[in-house]
Each structure stands twice: as C-alpha cells, then as structure tokens.
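The structure displayed is predicted, hence computed values, not measured ones.
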Amino acid sequence: MSSWVTDWSTQAACKTTDPDELFVQGAAQNRAKAVCTGCPVRTECLADALDNRVEFGVWGGMTERERRALLRRRPTVTSWRRLLETARTEYERSTGLLPIEDDEDYAAAG
C-alpha cells in the first residue's frame, strides 16, 4: 500500500542524475524515460508536471509531447493529482493491496 508523497523529489530516481539528461530531444528521450522506470514517485512527478503544465523535459516517464497530447485528450481534468491518486487507490483496492476497511478514507478522498 502506498500513500501519496508530497515531497516526491527527495525520493525520485533521477535525483542523482544530471538534470540536463532529462531535457533532451529525439531518441535521447527514450533513455531519459528509462530513468523513470521503477521510480517510486513516478506518478507524483507526472501529476505535478501535468498540474503545472511543465513544458519541457521528461517528467513521470512522459515527454513534453506525450504530456501535451494527454492534456488535449482530457481537457476537463482539473487536478491530475486527484485523478491519479484516486486511480492508484482503486488499483490497490482491486488487487488486494489496500484493505477494504479503509472505505471511509477512500470516500473522503473521492
């Protein structure tokens, strides 16, 4: 069971990476995205980039082009954090990672 990490940058897989490696173009973006694979705070990073409309770099495993496309496909989303946090909770509940007795917390978050 995981909880949302607000100070996610301290736990990011890229925190020891040269920042310039995450602000690349073309095929180099796939190498940059690989840094995000397995990152414990990938979802928090992505939500932050989407909510703040970060225009450049790889964030949460997505390039700026991928994020723009997602924002265009889902223009009614007002809080990516809320959407992704809820999706994570629902996933954890459906897989048995989150006990069902946490329904009060779940209802309050929804």
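- L46 and Y91 fall into different hydrophobic clusters, where Ile, Leu, Val, Met, Phe, Trp and Tyr side chains are chained together by heavy-atom contacts under 4.5 Å.
- W4 places a side-chain heavy atom less than 4.5 Å from the side chain of L84.
- Between G61 and C36 the shortest heavy-atom distance is N-SG, 3.2 Å.
- Heavy-atom minimum distance, A12 versus C39: CA-SG, 3.9 Å.
- When each of T6, T86, D48 is checked for a side chain to side chain contact (heavy atoms under 4.5 Å, CB included) with R81, only T6 meets the rule.
- Taking CG from L50 and CH2 from W59, the interatomic distance works out to 11.5 Å, rounded to the nearest 0.5 Å.
- Hydrophobic clustering (ILVMFWY, side-chain heavy atoms < 4.5 Å, transitive): W8 and L22 are in one cluster.
- The two residues E21 and A32 make their nearest non-hydrogen contact at O-CB, 3.4 Å.
- Considering only heavy atoms from C-beta on, E66 comes within 4.5 Å of K33 through its side chain.
- The CD atom of Q11 sits 12.5 Å away from the SG atom of C45 when rounded to the nearest 0.5 Å.
- The nearest pair of heavy atoms linking V54 to R67 is O-NH2, 3.0 Å.
- V24 has its side chain out of reach of R31: every pair of non-hydrogen atoms, C-beta onward, lies at least 4.5 Å apart.
- Using modelled atom types, one side-chain atom of D18 and one backbone atom of D20 make a donor-acceptor pair closer than 3.5 Å.
- There is no path of hydrophobic side-chain contacts, each under 4.5 Å, that joins V58 to F23.
- Between A13 and V35, the closest heavy-atom pair is CB-O, 3.6 Å.
- Considering only heavy atoms from C-beta on, Q29 comes within 4.5 Å of E64 through its side chain.
- Residue pairs meeting the side chain to side chain donor-acceptor pair (under 3.5 Å) criterion with at least one partner in residues 35-47, sequence neighbours excluded, are E44-R88.
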